[in-house]
There are 2 protein chains.
Amino acid sequence: MSCGKRLAEQLHERGYRVTAQRTIILETIAHMENHISAQQVYEGARERLPGLNLATVYRTVESLKGAGMINMLSTGGEPMRFSLCDPEHPHSHLVCRECGSIFELEAEEIEAFARRVEETTSFRIDSVHLTLEGLCQICKQKPAAS
Amino acid sequence: MSCGKRLAEQLHERGYRVTAQRTIILETIAHMENHISAQQVYEGARERLPGLNLATVYRTVESLKGAGMINMLSTGGEPMRFSLCDPEHPHSHLVCRECGSIFELEAEEIEAFARRVEETTSFRIDSVHLTLEGLCQICKQKPAAS
DNA sequence: TTCGTAGTTGCAAAGATTTGCATAAACTTA
DNA sequence: TAAGTTTATGCAAATCTTTGCAACTACGAA
Ligand SMILES: [Mn+2]
Ligand SMILES: [Mn+2]
Ligand SMILES: [Zn+2]
Ligand SMILES: [Zn+2]
């Protein structure tokens, strides 16, 4: 079965209607290597669906997030970006507040933490795709700017 | 020494210029019990500084964040909100994706995690004011919506 | 297959946040 | 205290994101 078809099926299984917009937006995000912005999703998807509207992209990524099929990444300042949620490679991100560089953090690093939070709070944590801010190895050696 | 004066002094110590806008915006945030939006900061601060511009509020909260004097809280959908960073009460937040309710998570819960991340990555994590999404105790019992 | 209904979309307008630029104010130095 | 230098502010415009509403479409029931 094709990649797009399998994704559409998952969408259906989770109770979401399968529309051309959702299918194509999902495939557009899936075929990108990195996290991409709404504008980039829009440009990519519009090639296959010319009438597509940017508002639909925003509403769709919201739905896809709800379906647990994509991750969102918001790095300070820059617009929100999206990526396919790959259960094979759960991870979070470290973003350097100085130079903007991004590092991945494997899921094991945060799993124990998430489980403990669930125990002590009876809150169910979403399969976490955290973004932690801070300073990378290089930037933390320089003096602070104002 | 007055609360506002002490805050202004801190700002100066950290290498930021002390302007009327920064001082009043900082006090406005400090005097609020909860996290408030840029619009609310603007309305509050403008009472004491009528010429204040909303763009200045945005630029100022960015600076105050850089100075480590305020926290930012972004709960899915709603606009960003701000609060005074109180070293006496470090915490993070759990936001329910269904009902929007917010719970606090004491700092001890995440300290060990942050330290471990710092060790394994040589990345310096900002004094963390994390926001974790998930389902609260009540909402996690109901079936999922689409 | 057809129909009815609830959920989606496009469009336009509103709301939220950022940015360029000229002016004004803060801090440094003399 | 009086420049001179650097940074912050106001304003307007740009960019990013959300929303109301009427038309459209997916999909379960008949
Ligand atoms: Mn990611
Ligand atoms: Mn808080
Ligand atoms: Zn860096
Ligand atoms: Zn809830």
Side-chain angles (χ1 to χ4, degrees), chain A residues 5 7-26 28 35-43 45-46 48-67 69-70 72-82 97 100 144-146, chain B residues 5 8-26 28 35-43 45-46 48-67 69-70 72-82 100 144-146:
Chain A
K5 195 133 191 176
L7 290 173
E9 209 162 83
Q10 264 180 50
L11 204 49
H12 185 253
E13 281 164 11
R14 299 175 192 199
Y16 291 79
R17 292 198 177 177
V18 177
T19 66
Q21 288 85 344
R22 285 178 176 175
T23 306
I24 290 175
I25 286 171
L26 190 46
T28 302
H35 306 76
I36 62 177
S37 69
Q39 186 64 40
Q40 288 173 304
V41 172
Y42 176 57
E43 284 162 15
R46 199 173 38 166
R48 295 170 56 197
L49 199 66
L52 181 65
N53 191 279
L54 183 55
T56 301
V57 173
Y58 280 103
R59 280 189 286 227
T60 299
V61 293
E62 205 51 57
S63 300
L64 296 176
K65 176 80 192 319
M69 300 187 67
I70 65 172
M72 296 189 170
L73 172 68
S74 100
T75 77
E78 285 165 56
M80 184 76 76
R81 290 186 293 152
F82 316 94
R97 136 171 71 79
S146 77
Chain B
K5 195 134 190 175
E9 210 163 83
Q10 264 180 52
L11 203 49
H12 185 253
E13 281 164 12
R14 300 177 191 197
Y16 291 79
R17 291 195 178 177
V18 176
T19 65
Q21 287 85 345
R22 286 180 176 173
T23 306
I24 290 175
I25 286 171
L26 190 47
T28 302
H35 306 77
I36 63 176
S37 69
Q39 186 64 40
Q40 288 173 304
V41 172
Y42 175 57
E43 284 162 16
R46 200 173 36 168
R48 294 171 56 197
L49 199 66
L52 182 64
N53 191 280
L54 184 54
T56 300
V57 173
Y58 280 104
R59 279 188 286 227
T60 298
V61 292
E62 205 52 57
S63 300
L64 296 176
K65 176 79 191 321
M69 300 189 66
I70 65 172
M72 296 189 171
L73 173 68
S74 100
T75 78
E78 286 165 56
M80 184 77 76
R81 289 185 293 152
F82 316 93
S146 77

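We use all heavy atoms of the structure for the numbers below, so side chains are in, but hydrogens, waters and symmetry mates are not. The chains referred to below are lettered A, B, ... by the order of the sequence lines, with proteins before strands, and numbering in each begins at 1.
Here the straight-line distance linking atom OH of A/Tyr42 with atom CG of A/Leu49 works out to 10.5 Å at 0.5 Å rounding. Separating the CG atom in A/Leu7 from the CE atom in A/Met69 is a distance of 5.0 Å, to the nearest 0.5 Å.
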Which letter, B, S or -, goes with each nucleotide of nucleotides 19-30 of chain C from 5' to 3', with contact meaning a protein heavy atom under 4.0 Å? BB----BBS---
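Whole-Å rounding puts the B/Gln39 CD to D/dT18 C1' distance at 16 Å. In this structure, the CD atom of A/Glu62 is 10 Å from the C1' atom of D/dT17, given to the nearest Å. Atom P of nucleotide C/dC11 and atom CZ of A/Arg46 are separated by 11 Å, given to the nearest angstrom. If you measure from atom NZ of A/Lys65 to atom P of D/dT17, you get 14 Å, rounded to the nearest angstrom. Atom-to-atom, CD1 of A/Ile24 to P of D/dA26 comes out at 12 Å; the value is rounded to the nearest Å. Rounded to an integer number of Å, the gap from CG of A/Leu49 to C1' of D/dC24 is 14 Å. For the pair B/Glu78 CD and C/dG15 P, the interatomic distance rounds to 16 Å; values are reported in whole Å. Taking atom CD on A/Gln21 and atom P on D/dC24, their separation rounds to 14 Å, with Å as the unit.
Side-chain nitrogen and oxygen atoms of A/Thr56 include none within less than 4.0 Å of the OP1 or OP2 phosphate oxygen of C/dT8.
Residues A/Ile25 and A/Arg22 have side chains not in contact (no heavy-atom distance under 4.5 Å, counting atoms from C-beta outward). Using a 4.5 Å heavy-atom cutoff, the side chains of A/Leu73 and A/Met80 are not in contact. Residues A/Ile36 and A/Arg81 form no side-chain contact, since every pair of their non-hydrogen atoms from C-beta on lies 4.5 Å or further apart.
Residue contacts shown for A/Ser37 are absent, as no nucleic acid heavy atom lies under 4.0 Å away.
Closest approach of A/Val41 and A/Phe82 over heavy atoms only: CG2-CD1, 4.4 Å. Here the shortest heavy-atom pairing between A/Tyr16 and A/Ser63 reads CE2-O, 3.7 Å.
Checking D/dT9, D/dT17, C/dT17 against the side-chain heavy atoms of B/Leu54 singles out C/dT17 as nearest.
Of the two residues near DNA chain D, B/Asn53 and B/Gly77, the one whose nearest nucleotide lies more 5' is B/Asn53. Toward the 5' end of DNA chain C, the nearer of the two residues A/Gly51 and B/Met80, judged by each one's closest nucleotide, is A/Gly51.
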